[in-house]
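The chains referred to below are lettered A, B, ... by the order of the sequence lines, with proteins before strands, and numbering in each begins at 1.
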Number of protein chains: 2
Amino acid sequence: MDRAYKEVQQITLAVDCIIFGFNNNQLEVLLIHRGFEPEKERWSLMGGFVGNREDLDAAAHRILHDLSGLEDVYMEQVRTFGKADRDPYERVVSTTYSALILKEQYKAELIAQYRARWFSIDDLPNLIFDHKQMIVSALNRLRRRVRTVPIVFNLLPKKFTLPQLQLLYEGILGEELDKRNFRKKLNTMDFLVKLDEKDMSGSRKGAYYYQFDENKYNRTMNFNI
Amino acid sequence: MDRAYKEVQQITLAVDCIIFGFNNNQLEVLLIHRGFEPEKERWSLMGGFVGNREDLDAAAHRILHDLSGLEDVYMEQVRTFGKADRDPYERVVSTTYSALILKEQYKAELIAQYRARWFSIDDLPNLIFDHKQMIVSALNRLRRRVRTVPIVFNLLPKKFTLPQLQLLYEGILGEELDKRNFRKKLNTMDFLVKLDEKDMSGSRKGAYYYQFDENKYNRTMNFNI
DNA sequence: ACAAAAGTGTTTTCGGTACACCCATGG
DNA sequence: CCATGGGTGTACCGAAAACACTTTTGT
């Protein structure tokens, strides 16, 4: 605990982002193809170092913004990876953040610039260092969280249909859900608003659009899928 | 992501331990009375800096060992506190670990040396920096975890009685539990072994000792209080 | 008319909760 | 014999799970 100890500390602090999106009815992660050393030409999470006067959370948002062009994205800290040899080149401790984004809003030119690509969570490429573990822990956390906190709506447009929402849950949880039970549950917790408009793109009959109503949710704060 | 950025990084990485114990039928936290600057003479968590070649987890164990003399203690990472101004003296990012220990096993002389003291979780003193928040988040995590993972047994001696176990749960969860329902649940999940021996210290009748059987638990891995 | 997805209720099962009395023993 | 904490079983309720048919409409 004495100062001398700390003064010689040579550890770099980084942030890595696990960026989730919902595409092709699958939960996907955005990875970058590294155009720089070390580990050039391999896949990795989007990461970066923390600024000296920058909040850790702010660093995560900055890094996400660099890749996506997005601000005000929903992010949560997951955990910190601190094995001494996790990065074989230098001592870096990295805190992971999980982000939920809407694919349509990405700046395609940035994605291209970083040579980024979406990967289905059950078809990941080889990743550098411990990035695979980072994704696994973020996914586990996400699976727990989506059942009790209304965060999935960050992965959908403002207006979405119930079949869409159900597919999203199935993609995240990795299991099929019963349509009737799913809808019944959503009905009992009353935070979805049915619009008069239908999405005709997926079927002949068309599916009604819904919206998440934050105020309604805040009245009860009860959420349990 | 370029090296130059990182080379000027001046952030110190620390670990703080939230040490839980069960005493006087209450959940308590071990705090130290700082005999050193900064914030001398105030209460804080036991913490320290991470060594250059030391795993983050190892740093937490080392720090806990320094205070308690204990090895092989059950610890879990909680989360990382990274606000730029959380420590007004210098830039320190701190990862918190929660430890579950058995009060009887502490080395009293070390506790004395650090002028440490146990505090009931609902009667905490003023704490430096964001240490109060750290305790709150560790406690929240603990409350969630004890319901689904058999970690409470780290807070009890090998042999314990059901009244003891129930008091411990009540202390952690901060609510009273129904004796019959509590025991019924424990019975349906079959990982406790009843011994032939009784603890006569708490009552005339005496309470049977039980042990947690890890093998039995591993067969089903089902735990839900 | 038919294919394809959207929408809708009921029954059963199981776990959660509420609740009150007897037991063993040391004094 | 009595005070004290230890130990036990049942009835009710609500949430979760299982399950199949009708509706709409573009072709």
D/dT23 base / A/K205 side chain donor-acceptor hit below 3.5 Å: yes

Quickly work out the A/K179 NZ to C/dT10 C1' distance and round it to whole Å. 17 Å

Answer with base, sugar-phosphate or nothing: what part of the nucleic acid does A/K185 contact at a heavy-atom distance below 4.0 Å? sugar-phosphate

Out of C/dT25, C/dA6, C/dC19, which has the shortest distance to the side chain of B/R204? C/dT25

Closest nucleotide among C/dG16, C/dT8, D/dC19 to the B/N224 side chain: C/dG16

Taking the six-membered ring for Trp, are B/Y74 and B/F153 ring centroids under 6.0 Å apart? no

Pairwise 5' ranking along DNA chain D for A/S203 and A/D178, keeping only the more 5' one: A/D178

Grab the CZ-P distance between A/R183 and D/dA17 for me, whole Å please. 18 Å

Return yes if some donor-acceptor pair links the side-chain N/O of A/R79 with the main-chain N/O of A/S137 below 3.5 Å, else return no. no

Pi-cation contact, A/Y209 with A/K159 (under 6.0 Å, within 45°): yes

C/dT17 C1' sits how many Å from B/F182 CZ, rounded? 15 Å

Ionic contact status for B/K216 with B/D190, cut-off 4.0 Å: yes

What is the separation between atom CG on A/N222 and atom P on D/dG14, rounded to the nearest whole Å? 16 Å

Checking only heavy atoms, does the side chain of B/K184 share a donor-acceptor pair with the base of D/dT10 at less than 3.5 Å? yes

When the distance from CG of A/N187 to C1' of D/dA15 is rounded to whole Å, what number comes out? 15 Å

Closest nucleotide of DNA chain D for A/G206 versus for A/N181: which of these residues is on the 5' side? A/N181

Check: B/R180 side chain, C/dA20 base, donor-acceptor under 3.5 Å: yes

Checking B/D16 against B/T96: is there a side-chain donor and acceptor pair closer than 3.5 Å? no

Check the distance between D/dA15's C1' and A/R147's CZ and give it to me in whole angstrom. 14 Å

Whole angstrom value for the distance that separates P of D/dA15 from CG of A/L186: 15 Å

For atom CD of B/Q166 and atom P of D/dG5, their distance in whole Å: 14 Å

